[in-house]
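Data first, discussion second: the structure below is written as structure tokens.
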Amino acid sequence: IFTHADGKYRGQYYDFVLVQKHRDNGDWSCGPCYNHSVCSHKNNPNDLNSLSHNTVRCIQEDENGYLWLGTENGGLNLYDKKKHVFYRYQQNDNEPLSISSNSFWDIYKDRKGNLWLATFGGGVDFLDKEPAKFVHYKKDLNNLNSLSHNNVTTFFEDDKGHIWIGTNGGGISVFDKKQNNFRHYRYQQNPTSMPSDAVLSIRQSRDKKIFVGSFRGGLSQLKSAETGEFYTFPVDTVGNLGTSNNVIDRLLEDKQGNWW
């Protein structure tokens, strides 16, 4: 049974605002500001240690407490919360270990603390932190076991340690770390395939089931990893027999096992 809640989506992006909760007293602060204040960080063309671009699309904290921020067309930023400075990473065609794109959609931290970066047009950048360099996974037309598409949107690590990678145009690629290759789930013209190749969210339930949210494909559940069979939930804009829309941007399972 689906329960619908009305709301309005405001498709706007803002500059980076850091709000931090102190571990000692529970107070919130941001940047160099304290006493429950909120500060914004913006690009300053005269300061190379400022944020590289004001459109921030994703943020992730690493195991050392540094913040990684992916921007749209401004590259990648590393924020040092103690020094209150940004360090920039830019795409450099002459440096193979640099980032592969200056536009990012997601930054994901796996259970080992590794960071996976979803880029627009550059595939997947995997951060090897010691020293900081980037390993690239891209679509290779001569390799069927490579990444399915270079526009990457989202990640999820399943209970076996496999990284599920959602793409905008190539469905899902599942990365096997041990085999160092990918298997794919794509849209096919049959009712049991992936309903869309534009994947927005991937999650695994507590009982090990994989759920996928997609653009114009709605909500679907993987029924068989071997055959690639999916069940797609119906769209019901009037009753409670399905989702209210066929665009599912995020998925969350709460403590009671309900999905949002």
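Residue numbers count from 1 along this sequence. Fair warning: this is a prediction, and the values are worked out from it, not measured in the lab. Computed over heavy atoms, backbone and side chain alike; hydrogens, waters and symmetry mates excluded.
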Side chain to side chain donor-acceptor pair (under 3.5 Å): pairs with one or both residues in residues 135-146, sequence neighbours excluded: Asp125-His136
Aromatic ring proximity, centroids under 6.0 angstrom, Trp164 and Phe155: no
Centroid separation Tyr231 to Phe233 less than 6.0 Å: yes
Residue from Phe126, Tyr108, Phe134 passing ring pair (Phe, Tyr, Trp, His ring centres under 6.0 Å) with Trp116: Phe126
Taking [X] first and then [Y], would you say they form a salt bridge - that is, a charged N and a carboxylate O separated by under 4.0 Å?
X: Lys223; Y: Glu229; result: no
X: Glu226; Y: Arg183; result: no
X: Asp110; Y: Lys177; result: yes

Non-neighbouring partners of Gln221 that pass side-chain hydrogen bond (donor to acceptor under 3.5 Å, both in side chains), sequence neighbours left out: none
Residues forming a side-chain hydrogen bond (donor to acceptor under 3.5 Å, both in side chains) with Ser52, sequence neighbours excluded: Asn77
Residues, nucleotides or ligands: over 12 heavy atoms within 6.0 Å of Lys209 NZ: no
CA sep, side-chain torsions, deciding dist, call: Thr153, Asp106, side chain to side chain contact (heavy atoms under 4.5 Å, CB included): CA-CA 6 Å; Thr153 55; Asp106 191 21; over 6 Å; no
Any side-chain donor near an acceptor of the partner, Glu253 and Asn258, under 3.5 Å: no
Check: Thr154/Ser201 side-chain N/O donor and acceptor closer than 3.5 Å: no
Sequence neighbours left out, what passes side chain to side chain contact (heavy atoms under 4.5 Å, CB included) with [X]? Give chain and number order.
X: Ser214; answer: Pro195, Ser196
X: Asn46; answer: Asn44
X: Lys255; answer: none

Parallel, tilted or perpendicular: ring planes of His184 versus Phe182, cut at 30 and 60 degrees: parallel
Min side-chain heavy-atom separation Ile165-Val152 under 4.5 Å: yes
Main-chain N/O of Asn190 paired to Gln188 side chain as donor or acceptor, under 3.5 Å: no
Step-by-step side chain to side chain contact (heavy atoms under 4.5 Å, CB included) determination, Tyr87 to Asp80: CA-CA 8 Å; Tyr87 302 98; Asp80 188 324; 4.1 Å; yes
